[in-house]
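Take a look at the structure below.
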Amino acid sequence: MTGRPAPAVLPSPLRAGLGLIAALAALVVVALGVLYAGHDEPGRVDRWVIRPTADSVRPPWRRAALATDFLGEPVGAAVLVVAAVAGCLLLRRPRAAVFIVAGAALAVGTTKALKPVVGRTIHDGHLSYPSGHTAFLTALALMVALLAAGRLGLGRTAGTSLVLAAALVAGAAMGWAQVALGAHYPTDVLGGWCTALAVIPATAWLVDRTADAGRGEHP
């Protein structure tokens with residue numbers, strides 16, 4: 001006896017579009033990594049945006065930047081992930097809960113793996129590319145928006161718009177905080193944002209394929 005199929009975490013109307021976006025985002029991550037490999041100073045684009053190694057904000061904006069930055073720190077990130085997982089379990093969507101955990105781990109893990117490979121540093125020799133904080137918050141926003149799009153039954157245009165808007169808002173907020181606090185160059189932030197855009201659709205597809213295979217369902 002088979003039960004009702006579990007809802008996919010990657011809605012079928014969004015698969016093709018997000019797959020293309022993920023591929024383009026991966027190319028941007030690689031291109032920026034090659035361009036800034038081994039650098040220890042801001043590039044032309046970074047200098048055009050802001051001087052990234054100087055604290056450029058004062059209270060109350062500095063407090064806002066620090067609060068946003070906390071969301072990407074281990075404790076803050078753990079709280080967000082636990083809250084999202086709890087919401088999924090309350091809605092009886094264990095596949096979505098697995099997606100949240102796997103997506104967050106893979107997004108952050110990818111940035112940690114890339115940093116020593118690229119070798120770009122900011123003040124005091126800290127590895128900076130790509131931004132893990134930006135990747136995490138963008139990834140979480142992407143996953144929540146994907147789940148919302150599926151639950152609301154949104155079509156390709158509305159669903160993709162919702163997902164990209166969530167990613168843009170989350171990425172812009174965390175990216176601003178990272179640059180304002182001097183933790184990252186603007187291009188590090190872009191790399192982190194694109195890392196999330198590349199990793200999350202692939203993770204969603206993999207979670208769906210694995211879960212469906214375990215239930216003996218066809219994709």
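Only this structure's heavy atoms are used, side chains among them; waters, hydrogens and symmetry mates stay out. Remember, it's a predicted structure, so these values are computed and weren't measured experimentally.
Across all their heavy atoms, Ala84 and Ile100 have their closest contact at CB-CG2, 3.9 Å. When all heavy atoms of Val108 and Gly132 are compared, the pair lying nearest together is CG2-O, 4.5 Å. The minimum heavy-atom distance between Arg93 and Pro7, with the atom names listed, is NH2-CB, 3.5 Å. Nearest heavy-atom pair, Val118 versus Gly33, reported as atom, atom and distance to 0.1 Å: CG1-O, 3.6 Å. Contact record, Ala96 with Val9: CA-CG1, 3.8 Å, taken as the closest heavy-atom pair. Between Pro130 and Leu114, the shortest heavy-atom distance links the atoms CD-CB, 3.7 Å.
With rounding to the nearest 0.5 Å, the separation of CZ in Phe99 from OG1 in Thr210 is 12.5 Å. Lys115 contributes atom NZ, which lies 6.5 Å from atom OG of Ser131 (distance to the nearest 0.5 angstrom). A distance of 11.5 Å separates CG in Leu71 from CG in Leu66, rounded to the nearest 0.5 Å. Here the CG atom belonging to Asp208 is positioned 5.0 Å from the CZ atom belonging to Arg95, to the nearest 0.5 angstrom. Distance NE2/His133 to CG/Asp188: 12.5 Å, rounded to 0.5 Å. Between the CG atom in Asp69 and the NE2 atom in His184 there is a gap of 8.5 Å [rounded to 0.5 Å].
Leu164 and Leu27 are not part of a single hydrophobic cluster, where members link through side-chain heavy atoms under 4.5 Å apart. Val163 and Leu206 end up in the same hydrophobic cluster when Ile, Leu, Val, Met, Phe, Trp and Tyr side chains are linked at under 4.5 Å. A continuous path of ILVMFWY side-chain contacts below 4.5 Å connects Trp205 to Ile21, so both sit in one hydrophobic cluster. In terms of hydrophobic clustering, with Ile, Leu, Val, Met, Phe, Trp and Tyr side chains grouped at heavy-atom distances under 4.5 Å, Leu89 and Val101 are assigned to a common cluster.
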Derivation and outcome, side chain to side chain contact (heavy atoms under 4.5 Å, CB included), residues Leu181 and Arg62: CA-CA 8 Å; Leu181 295 172; Arg62 182 170 176 79; 3.4 Å; yes

Would Met143 and Thr203 count as a side chain to side chain contact (heavy atoms under 4.5 Å, CB included) here? Give the steps. CA-CA 10 Å; Met143 291 186 287; Thr203 304; over 6 Å; no

Going through the distances and angles, do Leu146 and Leu18 end up as a side chain to side chain contact (heavy atoms under 4.5 Å, CB included)? CA-CA 10 Å; Leu146 273 174; Leu18 289 183; 3.6 Å; yes

As a quick check of understanding, evaluate side chain to side chain contact (heavy atoms under 4.5 Å, CB included) for Thr138 and Met174, giving each step before the final call. CA-CA 8 Å; Thr138 303; Met174 184 59 82; over 6 Å; no

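Side-chain atoms of Trp193 come within 3.5 Å of backbone N or O of Ala167 as a donor-acceptor pair. With hydrogens and angles ignored, the 3.5 Å screen pairs a side-chain donor or acceptor of His123 with a backbone N or O of Gly182.
Between Thr111 and Thr134, every side-chain heavy-atom pair lies at or beyond the 4.5 Å cut-off. With a 4.5 Å cut-off on side-chain heavy atoms, Arg120 and Tyr185 count as touching. Looking only at side-chain heavy atoms (C-beta outward), Val79 and Phe70 stay at 4.5 Å or farther from each other.
Looking only at atom types and distance, the side chain of Thr121 has no donor-acceptor partner in the side chain of Asp40 under 3.5 Å away.
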